[in-house]
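One structure is given below, encoded as structure tokens.
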Amino acid sequence: MKEIAYQDIVDEVARICQEANYDLGEDVVNAFKESVRTEKSEAGKSILNQLIENADIATSNRVPMCQDTGVSVFIVKLGQDCHIAGGSLQEAINEGVKKGYDEGYLRCSIVDDPINRRNTGDNTPAVIHIELVEGDGLEVQMSAKGGGAENMSAMKMLTPSAGIEGVKKFILDTVREAGPNACPPLVVGIGIGGNFEVSPYLAKKSLFRPVGERHEDPEIAGLEEELMTAVNKLGIGPQGMGGSTTALDIKVETAPCHIAALPVAVNLNCHASRHKHFVM
């Protein structure tokens, strides 16, 4: 049985909360640079160059790349032979978020109740998904998920008769309706299958995959490529100003589902596709 100290988790979570907001991943920055090369609109090129400069300023000055420092979303792989000493895993993650957002001077965006809407003042509670796996390790992935893109996300319970064409239509309609409101260029996460609660989780989980990394299943990888082409033909462009770069990447994850159902979820991520992780 491996033992991991509660405080060690708190400290690591605090660190990645700050790094997610200060240091845009190399995968995203490289996608910006490649998009500058391929973007057909001069306005689009200008905006992409501004995003590159913005990311550089954030890293250099240790300030958030966006005022919306997001909901703290975690996907955790917990080994069944791993024990957290000194407190619970969920408590450690939330304590780390409090510490990271306070010490990093990051905006707190969570309200304690959707009706009364009082800010909790520390960006907790975090959204935490825990997957129990073999072994004694602990892997924590964190995303700072902005509200604008999240608001434009959608889920639909299609019937099997809709088929793959119905799935693709729903995805394109969702991106088209989002327009500039989700702060493109986007990373589009898609979950197909499962049930009402599983498909949105698959869509969210897909966004943790690095930009540019294709699905290991060649058929799904081909669907990602096809959707990339279709989304970028919508002409929404960077920040909705028109152009050929509406999406930096499309991610698809699938799961088995009921014979009578075809659930589909689209989780949009803005150009600040912020994700960090650590392993203990």
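We use all heavy atoms of the structure for the numbers below, so side chains are in, but hydrogens, waters and symmetry mates are not. Throughout, residue positions are numbered sequentially from 1 according to the sequence presented. Note that the structure is a prediction, hence the values are computed from the model and not measured.
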With a 4.5 Å cut-off on side-chain heavy atoms, are [Y] and [X] touching?
| X | Y | value |
| --- | --- | --- |
| Asn21 | Val63 | no |
| Asp27 | His275 | yes |
| Phe32 | Asn49 | no |

Using the ring pair (Phe, Tyr, Trp, His ring centres under 6.0 Å) rule, collect all pairs that involve residues 124-151, keeping only residues at least two apart or in two chains.
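Only His129-Tyr201 qualify under ring pair (Phe, Tyr, Trp, His ring centres under 6.0 Å).
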Pair [X] + [Y]: basic N to acidic O under 4.0 Å:
| X | Y | value |
| --- | --- | --- |
| Lys169 | Asp173 | yes |
| Glu19 | Arg62 | no |
| Arg214 | Asp249 | yes |
| Glu253 | Lys205 | no |
| Lys98 | Glu103 | no |

Using modelled atom types and a 3.5 Å cut-off, is there a donor and acceptor pairing between side-chain atoms of Gln141 and backbone atoms of His277?
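The answer is no, because no donor-acceptor pair under 3.5 Å joins these two groups.
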Look at the side chain of Ser273 and the backbone N and O of Asn269, then say whether any donor-acceptor pair between them is shorter than 3.5 Å.
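No; zero donor-acceptor contacts below 3.5 Å.
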Test of understanding: with salt bridge (charged side-chain N to carboxylate O under 4.0 Å, His left out), list the residues that count as partners of [X], not counting sequence neighbours.
| X | result |
| --- | --- |
| Glu165 | Lys168 |
| Arg107 | Asp68 |
| Arg118 | Asp112 |

Side chains of residues 156-163: which donor-acceptor pairs under 3.5 Å do they make with residues two or more places apart or in other chains?
{"unit_1": "Thr159", "atom_1": "OG1", "unit_2": "Ser161", "atom_2": "OG", "d": "3.0"}

Between [X] and [Y], a side-chain donor and acceptor under 3.5 Å:
| X | Y | result |
| --- | --- | --- |
| Gln50 | Asn54 | no |
| Thr124 | Asn94 | no |
| Gln80 | Asp136 | no |

Pairs satisfying salt bridge (charged side-chain N to carboxylate O under 4.0 Å, His left out), at least one member in residues 37-58, at least two apart:
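Residue pairs with at least one partner in residues 37-58: Glu34-Arg37.
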Any chance you could lay out the salt bridge (Lys or Arg N to Asp or Glu O under 4.0 Å) test for Lys145 and Glu150, step after step, and finish with the verdict?
CA-CA 7 Å; Lys145 192 68 168 62; Glu150 193 80 351; 2.6 Å; yes
